[in-house]
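Let me begin by presenting the structure, written as structure tokens, before commenting on it.
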Amino acid sequence: MSEKTAVSPTRQEDFPEWYQQVIRAADLAENSEVRGCMVIKPWGYALWERMQAVLDGMFKATGHRNAYFPLFIPLSYLEKEAAHVEGFAKECAVVTHHRLEAKDGKLVPSGQLSEPLIVRPTSETIIGAAYARWVKSWRDLPILLNQWANVVRWEMRPRLFLRTAEFLWQEGHTAHETSEEAVEETMKMLRVYETFARDYLAIPVITGEKSESERFPGAVQTYCIEAMVQDRKAIQAGTSHFLGQNFSKASGIQFQSRSGAVEHAWTTSWGVSTRLIGTLIMAHGDDDGLILPPRVAPAHVVIIPITPKEDTRAAVLEAADKLAAQLREVSYHGVPVQVEIDSRDLGGGVKNWEWIKKGIPIRIEIGPRDLAQGTVALSRRDRPHKEKAFLPNGDVLSGVTGILDEIQAELLARATAFRDANLKVIESKEDFYKFFTPANSDKPEIHGGFALAHWNGSAAVEEQIKNDLKVTIRCIPFSDSPEAGTCIFTGEPSKQRVVWAKSY
RNA sequence: CGGGGCGUAGCUUAGCUUGGUAGAGCGCGUGGUUUGGGACCACGAGGUCGCAGGUUCGAAUCCUGUCGCCCCGACCA
């Protein structure tokens with residue numbers, strides 16, 4: 001009998017379809033009747049709430065506070081920054097009316113607005129306008145704010161979590177007295193994202209700067225964290241922008257400096273979105289569904305009572321409740337161990353598989369035989385699904401955080417090994433093209449990865465490679481000792497290797 | 001927005017060429033037997049065949065339009 005996977009097709013067979021099926025199998029989200037928009041279901045939203053909680057704490061710890069700015073932005077605001085217009089104009093939802101009137105049994109828009117409003121694709125301009133009001137003196141700086149919000153970008157090809165017309169994110173917006181301070185802020189928040197990705201999502205990321213063509217519209221410099229997922233493509237998991245004085249000039253954020261001169265503030269913005277959920281799915285999921293890193297898992301442990309006989313049912317359920325209560329007393333990195341009890345009247349196998357698909361780190365079965373022996377059967381999501389350890393009750397309580405840490409570490413180790421195995425130093429144009437060309441062009445197999453190659457810094461070369469291979473520069477990685485060399489495409493001098501990949 | 005494909009029950013789909021008013025598997029409900037890894041039996045609910053026109057005595061089936069989804073481009077977190 002061949003081993004049946006919980007998710008079909010497998011990653012090897014059809015990665016994009018596998019991704020969609022994992023979302024369904026894990027009950028994370030579904031497509032809405034509104035094109036490009038998603039319904040985030042409780043398990044998916046709980047995951048987002050965990051991410052929010054951790055990130056919010058990290059933002060507060062770095063001196064930021066939360067605020068909230070309007071969903072609607074006057075059209076004229078977007079026009080203020082030329083590059084910004086260029087970047088976002090083509091994907092804005094526009095509100096033109098403020099009333100509906102009944103007409104022939106239908107509702108038709110009425111009450112035209114004197115100036116159309118756009119639904120925020122990002123909030124630089126409206127926050128900039130507020131900062132312009134708030135900043136008078138160098139003593140008013142810095143302003144360090146964040147907002148948790150939804151934004152709308154009218155995308156051509158939506159994909160659940162990865163690219164949706166509406167998505168949830170946080171956007172940090174800061175204003176500073178000096179360029180140096182703003183740059184420092186930009187880097188600081190990038191490091192927050194890097195830490196979050198590594199220590200919580202168990203995803204190793206490459207940090208670096210975007211090339212000009214990938215830069216945020218209106219930014220002076222865009223920095224990013226780039227992750228590799230299991231089809232070896234890159235995904236930008238977070239960005240941090242040094243905006244220079246572009247937006248403060250556009251919005252009029254001016255202050256009197258220590259010397260009395262009127263100067264424009266230096267601003268930054270930085271964000272991560274629900275795309276992190278998509279990244280997590282593709283980084284860790286397997287052919288049996290989602291795998292959640294314990295530090296962001298909405299629940300750590302599910303207890304599945306096994307009640308084959310009526311006369312032992314009550315005792316088993318009682319033991320399950322007791323174990324759950326004891327586990328909840330245990331603290332895992334500052335949060336109580338989150339325990340679910342699945343006492344639905346279903347077969348044990350069915351319940352087990354549901355939780356496997358949902359990616360819960362630990363499954364504990366407790367049945368009559370365990371009661372007699374004072375044990376439980378414990379399974380881990382990072383191990384083969386049939387593997388069970390029979391542990392004395394006490395060992396579960398004392399060992400649960402250790403097991404969770406092991407799972408967390410294992411996921412990071414796997415993702416890192418995978419990333420490193422598919423990261424190649426490439427020295428010639430020929431090897432580069434070979435690296436990114438699938439053997440089967442009709443139905444491309446998983447191929448490629450991250451290529452570290454020298455580049456002369458020319459946007460034209462980037463454009464050519466993008467046209468030929470759909471490969472782009474994901475980032476110019478930070479390096480203490482950049483190794484100079486020769487551009488593999490032009491033979492011209494290169495300051496350092498950059499990271500090339502196909503991307504989401 | 002261009003090129004291709006597809007819309008039949010919650011999901012996967014048969015039927016369409018050759019028009020006669022819809023069938024299956026999974027899932028769901030009830031009852032029972034089960035339950036330490038995706039159980040079984042019986043009964044049952046669920047479909048204006050994406051939508052709107054047209055042709056026809058009659059349309060899931062043929063024609064036109066439209067909407068949506070998927071894949072490939074262009075664009076993007």
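Labels below follow one simple rule: chain letters A, B, ... track the order of the sequence lines, proteins then strands, and each chain is numbered from 1. What you are looking at is a predicted structure, and each value in this text was computed from that prediction instead of being measured.
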Exercise for the section: Can you tell me the distance, in whole Å, between the CD atom of A:Glu17 and the C1' atom of B:G5? Expected result: 14 Å
Practice task
In whole angstrom, give the distance that lies between atom CG of A:Asp27 and atom C1' of B:G10.
Solution key: 12 Å
Problem - Test side chain to side chain contact (heavy atoms under 4.5 Å, CB included) applied to A:Trp270 and A:Leu190, step by step - result: CA-CA 8 Å; A:Trp270 29 273; A:Leu190 187 73; over 6 Å; no
Problem - First encountered from the 5' end of RNA chain B, between A:Gly36 and A:Pro217 - result: A:Gly36
Practice task
With RNA chain B as reference, determine whether A:Asn31 or A:Phe167 sits nearer its 5' end, using the nearest nucleotide of each.
Solution key: A:Asn31
So what does [X] hit on the nucleic acid, given a heavy-atom distance under 4.0 Å: a base, only sugar-phosphate, or nothing?
| X | value |
| --- | --- |
| A:Thr164 | base |
| A:Ser273 | base |
| A:Ile235 | nothing |
| A:Phe216 | nothing |

Donor-acceptor pair, [X] side chain versus [Y] backbone, under 3.5 Å?
| X | Y | value |
| --- | --- | --- |
| A:Thr312 | A:Pro308 | no |
| A:Asp382 | A:Leu411 | no |
| A:Arg381 | A:Ile356 | yes |
| A:Gln170 | A:Val272 | yes |

Does the side chain of [X] come under 3.5 Å of the side chain of [Y] through a donor N or O and an acceptor N or O?
| X | Y | value |
| --- | --- | --- |
| A:Thr122 | A:Glu124 | yes |
| A:Thr268 | A:Thr174 | yes |
| A:Glu365 | A:Asn352 | yes |

Exercise for the section: State yes or no: are the ring centers of A:His173 and A:Tyr131 separated by less than 6.0 Å? Expected result: no
Protein and nucleotides 35-41 of chain B: nitrogen or oxygen contacts under 3.5 angstrom:
unit_1	atom_1	unit_2	atom_2	d
B:G36	N7	A:Arg369	NH1	3.3
B:G36	O6	A:Gly367	O	3.2
B:G36	O6	A:Pro368	N	3.0
B:G36	O6	A:Arg369	N	2.5
B:G36	O6	A:Asp370	N	3.2
B:G36	N1	A:Gly367	N	3.4
B:G36	N1	A:Asp370	OD2	2.3
B:G36	N2	A:Asp370	OD2	2.8
B:G37	N7	A:Lys388	NZ	3.3
B:G37	O6	A:Arg363	NH2	3.1
B:G37	O6	A:Ser379	OG	3.4
B:G37	O6	A:His385	O	2.6
B:G37	N1	A:Arg363	NH2	3.3
B:G37	N1	A:His385	O	2.7
B:G37	N2	A:Trp353	NE1	3.3
B:G38	O4'	A:Trp353	NE1	3.4
B:G38	O6	A:Thr5	O	3.2
B:G38	O6	A:Ala6	N	3.0
B:G38	N2	A:Lys357	NZ	3.1

Problem - Interatomic distance at C1', B:U35 relative to B:G25, whole Å - result: 24 Å
Exercise for the section: Let me have RNA chain B in dot-bracket notation, would you? Count Watson-Crick plus G-U wobble pairs, both distances under 3.5 Å, and use [ ] for pairs crossing earlier ones and | for inter-strand partners. Expected result: ((((((((.[[[[.)....(..]]]].((((((.....)))))).....[[[[[..)....]]]]])))))))....
